[in-house]
Enquirer: 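Before anything else, here's the structure in question.
Numbers restart at 1 for each chain; the letters A, B, ... are given by sequence-line order, proteins then strands.
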Number of protein chains: 2
Amino acid sequence: MGITNRQKEILDYMWTFQDREGFPPSLREICKGLGLTSAGSLIKHVRTLEDKGFLGRMPGKKRAWRLRRRPAPLSIPLIGAIAAGTPILAEENREDELPVDPKLFGAADAFALRVKGDSMIDAQIRDGDLAVIRPQQDAENGTVVAVIVEGLQHEATLKIFRRRDESVELHPANPAYEPLIFHQEDRAKVKILGRLIGVIRPKL
Amino acid sequence: MGITNRQKEILDYMWTFQDREGFPPSLREICKGLGLTSAGSLIKHVRTLEDKGFLGRMPGKKRAWRLRRRPAPLSIPLIGAIAAGTPILAEENREDELPVDPKLFGAADAFALRVKGDSMIDAQIRDGDLAVIRPQQDAENGTVVAVIVEGLQHEATLKIFRRRDESVELHPANPAYEPLIFHQEDRAKVKILGRLIGVIRPKL
DNA sequence: TAATATAGGAAACATTTGTTCTCTTTGCAA
DNA sequence: TTGCAAAGAGAACAAATGTTTCCTATATTA
């Protein structure tokens, strides 16, 4: 499903107009911008763009269309308790949306978890902090990861990750807590959700 | 030049609509959203909003207006070194804009400072953290404040604030550092910039 | 060659939409 | 009370705007 040169010109002009003016152009304004004289000529192209999915039109409304271009998300989903068997980012797991641009933390698809307890206090992470996580399946030794241990809880926890020859270890950053060590087939119970890439401490 | 409750409702709805739909609402769509039945009732408010500068209208065009000045800013200014004699938020002191909605921290006019050193490590604040500050002139004992000491530096620092009978004390949250104590007229050298209301730790 | 797809023009038409007018209601102050 | 201002309803009007129909021109393809 390609797009012809002319159609791309039209789409680009619509974006330019919207960025400059703050609202979408009318058909005749597009004509003027492209040097056309008849709105009738243009509407055929606009309909094609709609059919191909580049344009969302609202039938019956004037000067009302959405320009679809994957806009980067402007917020980070806050994940609460995790329903069994669902992917982490499933709608039912989302507790809130944090009005923070994830690019601030260098990731496009981050999510956040609320930290409970003081097991990471030596990493300057407090009870109540929001941990920003970039999703990934595996981790480097020594990095802080969000993990969930199968059958143990329904909430993710932060731990320092360490893989040894025959075991996987999850270490707290607080000498008052014991590390969790998984041997042999138990290692499969440790599910890495992602790597810690930032912290937000709101309403201190 | 205030803005009445009703006018704020209308402006908020216009923003909500634009964010949701991708294009501005028509007068009658605003009516439906607010429970009004007559566009004639609404246009008076819209004109007032235009006069007060909250709305840019394009005469003769349908469904075409710019929404100026979001009700609340969507970013927090990051303040770097402070030029002598300027207000903290002056343009020349701004180093960057953090794409974070300040309402996340419960304030509308927050700014941020980059933390240098580990003098607040016991408060779980690290070198490189961004401290979110709500501007205020005074502070309660025991709270963490951003202060600048006149004649000493051009950068604000975080300290735990304590006012005694005859002195003002600025305590680090790290036993390796000494508190700063100001007696008598020296107390005037301590300028409080604001109170710590949040922490952001980016790109960990 | 004829057929077809793409691109554009001009005019007429129907709906949306901003605008203007008059009227009513409510709350507040002189 | 009277007067005034803000808020809203309803109807009618004019301009903007999307839509349709019928036309021409050019390039490509069977």
Enquirer: Could you tell me the separation between the CZ atom of A:R28 and the P atom of D:dA16, rounded to a whole number of Å?
Expert: 10 Å
Enquirer: In whole Å, what is the span from the CE atom of A:M14 to the P atom of D:dT17?
Expert: 13 Å
Enquirer: Does A:R162 use its side chain to pair, donor to acceptor, with the backbone of A:T143 at less than 3.5 Å?
Expert: no
Enquirer: Which residues pass the side chain to side chain contact (heavy atoms under 4.5 Å, CB included) test with A:N174, sequence neighbours left out?
Expert: A:D118, A:I121, A:A176, A:Y177
Enquirer: Suppose we screen for salt bridge (Lys or Arg N to Asp or Glu O under 4.0 Å). Which residues come up paired with A:R47, at least two apart in sequence or across chains?
Expert: none
Enquirer: Expressed in angstrom and rounded to an integer, what is the separation of B:E9 atom CD from D:dA7 atom P?
Expert: 10 Å
Enquirer: Could you check whether any side-chain N or O of B:S41 sits under 3.5 Å from a backbone N or O of B:T37, counting only pairs where one atom can act as donor and the other as acceptor?
Expert: no
Enquirer: So, under a plain 3.5 Å distance rule, would you say the side chain of B:K61 forms a donor-acceptor pair with the base of C:dG18?
Expert: no
Enquirer: Tell me: CE of A:M58 to P of D:dT17, nearest whole Å?
Expert: 18 Å
Enquirer: Could you give the CD1-to-P distance, from B:I30 to D:dG8, as a whole number of Å?
Expert: 13 Å
Enquirer: Select from A:S38 and B:G40 the residue whose nearest nucleotide in DNA chain D is closer to the 5' end of that strand.
Expert: B:G40
Enquirer: Between P on C:dG9 and CD1 on A:I43, what's the gap in Å once rounded to a whole number?
Expert: 15 Å
Enquirer: Does B:R63 contact C:dG18 through a side-chain donor or acceptor facing the base, at a distance under 3.5 Å?
Expert: no
Enquirer: Spell out yes or no: do the side chain of B:K44 and the base of D:dA6 have one donor N/O and one acceptor N/O closer than 3.5 Å?
Expert: no
